[in-house]
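Right, one structure below, let's go through it.
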Amino acid sequence: MADSLCGGVSDEKDPENDDHKGVKCSWAAAAISRKTDVSGAAAKMTETLGFYEKPAVKDEQHEHSDSNDSDGPSLLRFMCAELTRGYFLEHNEAKYTERRERVYTCMRIPRELERLMVFGFFLCLDAFLYVFTLLPLRTLLAFLRLLTIPCCGLGGSRFLQPAQVCDLLKGLIMVLCYSMMHYVDYAMMYHLIRGQSVIKLYIIYNMLEVADRLFSSFGQDILDALYWTATEPKSRKRAHIGVIPHFFMAVFYVFLHAILIMVQASTLNVAFNSHNKSLLTIMMSNNFVEIKGSVFKKFEKNNLFQMSNSDIKERFTNSVLLLIVCLRNMEQFSWNSDHLWVLLPDVLIVIMSEVAVDIVKHAFITKFNDITADVYSEYKASLAFELVSSRQQNAYTDYSDSVARRMGFIPLPLAVLLIRVVMSSVKIQGALSSVCLLLFYLGLITMKVLNNIVILGKSCRYVKEANMEGKLFERPTAQTSKQTPKKPKVQRPSTSITKQPSPRAKPFPPAPPPVTEVTSDPPPDSPPKPEESSSETPQSTELKHRATKKDLLEIDRFTICGNRIG
């Protein structure tokens, strides 16, 4: 009975288990089928990372799986790749060649810049020596001419030539400003500046530098206005306030500028005489601040030319200021030569810091703005052209004035201050002192003449190397064509085409129409006349070229010694 009951119970429970087993088997089969479908789809699809590919056969799938396992990332393989990785610079040859040329340009900058600086320094020296040597003689000759006018009578429409009028004005300005500078006490100014703190003196020195540049830029305009007002032809309508107001404006400007330079020299003298030299160090560091203000700016060639001229002027002005400081210190120590050797190291440090700052500044400006080092040769040729053109017979300005306009260097205030310092430092008493002064003056004239010969020779060579003789020849013919407007119509267009510069050709009609109109005027029976006139015009232009070329050749003959010395 028990067996039968157990068998019945078991028989009753088996259908339920079978049902559960059937459900479980069906779910497992569905899951297995899904897994096989997903694995089959994954096997058919390609991963973006490259772990799976599309195998056509199971053997290829195994091979790819083996290769993926062998090509997997590893530290050893990475290190081998980094150690053996190579590249070719020749694939970007133009870029690396440009970088190499920039390095060569930076290496050439110090030599080319110092050549320009030395040439410009001697140009400023020539203009500065002119005030002490030739200007007094020219002023004396103009004054004698003014005194002899009632006796000799008027030989022309002018009492004096324009250059003589300008010389007289310059001489009067120098005399008046020198007499006014006697009322300024240099010693009181020195002790007043010495009593200030270091920070105040540093600020004062920076303000004086800015004021000096502003005075230089506006001062030459005041002097040019005076010269033109005094020499303007009287036939024109009066459009100015008069010569006397312009003259007093010029005297007032030169006096103020001389005082400003005196304060600057006194500040530098205080820096030299300070015990810890802290002010001198701060003033030298001010030059390096200039690098920050100019290097990271956009510069064109014209802007770089203006900055180069400003650096030349600044270097020459600092040299004169150092000379004034040495004179004042030597006077205080009774001209003891031992104290001069104490001053020389500081003087050399100031000069070398100025040179180093200029080299670094110009090197990085040319690098950042892609300017070649050959541009400094163009700058030298431009300065030389102005010097050569001022030596022609029809020059429109004095050489010292052209240097002042180009570089911002005005020699009159600096000359007034130097005369004031020298006269107060050196006592002239007795006949021996007068003879020594005369010999010193003759030595200055000799230095001026030799310096002038050398820079004229260099200037002629620079003008020829730059092929700027054509511009030199165009200048006189433009003025002659304006002075003779009553020529026949056949010659006017030929001279305007060959000789007149482009900016001054506006008052004349253009060249092609007048030639066609003139050739249409004569009758048809005489066709060879225009040909003869056209054949004569090249000869006339050649003769004019030869006539204008004499000026440059005379300068060359006059400066053969200068070329040999240089």
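Hydrogens, waters and symmetry mates are skipped; everything else that's a heavy atom, side chains included, is used. Everything numeric here is computed off the predicted structure, so don't read it as measured data. We count residues from 1, following the sequence as given.
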Which atom names give the shortest non-hydrogen contact between [X] and [Y], and what distance separates them?
| X | Y | result |
| --- | --- | --- |
| L412 | V131 | CD2-CG1, 4.3 Å |
| G120 | M407 | CA-CE, 4.0 Å |
| K298 | N303 | O-ND2, 4.5 Å |
| D221 | S217 | OD2-O, 3.5 Å |

As an exercise, state the distance from [atom1] of [X] to [atom2] of [Y], rounded to the nearest 0.5 Å.
| X | Y | atom1 | atom2 | result |
| --- | --- | --- | --- | --- |
| M117 | E314 | CE | CD | 9.0 Å |
| E112 | R115 | CD | CZ | 5.5 Å |
| I173 | L226 | CD1 | CG | 5.5 Å |
| N452 | L134 | CG | CG | 8.0 Å |
| I109 | T372 | CD1 | OG1 | 8.0 Å |
| C124 | R406 | SG | CZ | 12.5 Å |

With sequence neighbours left out, write down each residue that passes side chain to side chain donor-acceptor pair (under 3.5 Å) with E114, or none if nothing qualifies. R315
Do other residues, nucleotides or ligands put more than 12 heavy atoms under 6.0 Å from the [atom1] atom of [X]?
| X | atom1 | answer |
| --- | --- | --- |
| F364 | CZ | no |
| F218 | CZ | no |
| M180 | CE | yes |
| F143 | CZ | no |
| F252 | CZ | no |

Kindly say whether the aromatic ring centers of Y379 and Y376 come within a distance under 6.0 Å. yes
Apply salt bridge (charged side-chain N to carboxylate O under 4.0 Å, His left out) to residues R213 and E209 and explain how you reach the verdict. CA-CA 6 Å; R213 295 183 181 180; E209 284 189 349; 5.3 Å; no
How are the rings of F128 and F132 set relative to one another: parallel (under 30°), tilted (30 to 60°) or perpendicular (over 60°)? perpendicular
A cation-pi test, strictly: NZ or CZ of K380 under 6.0 Å from the centre of the six-membered ring of Y462 and no more than 45 degrees from its axis. Yes or no? yes
Quick one, M181 with M262, criterion side chain to side chain contact (heavy atoms under 4.5 Å, CB included). Give me CA distance, side-chain angles, the key distance, then yes/no. CA-CA 10 Å; M181 287 293 291; M262 177 182 285; 3.2 Å; yes
Return yes if some donor-acceptor pair links the side-chain N/O of T139 with the main-chain N/O of D167 below 3.5 Å, else return no. yes
Could you check I312 against L116 for side chain to side chain contact (heavy atoms under 4.5 Å, CB included), going step by step and ending with a plain yes or no? CA-CA 8 Å; I312 294 170; L116 175 65; 4.2 Å; yes
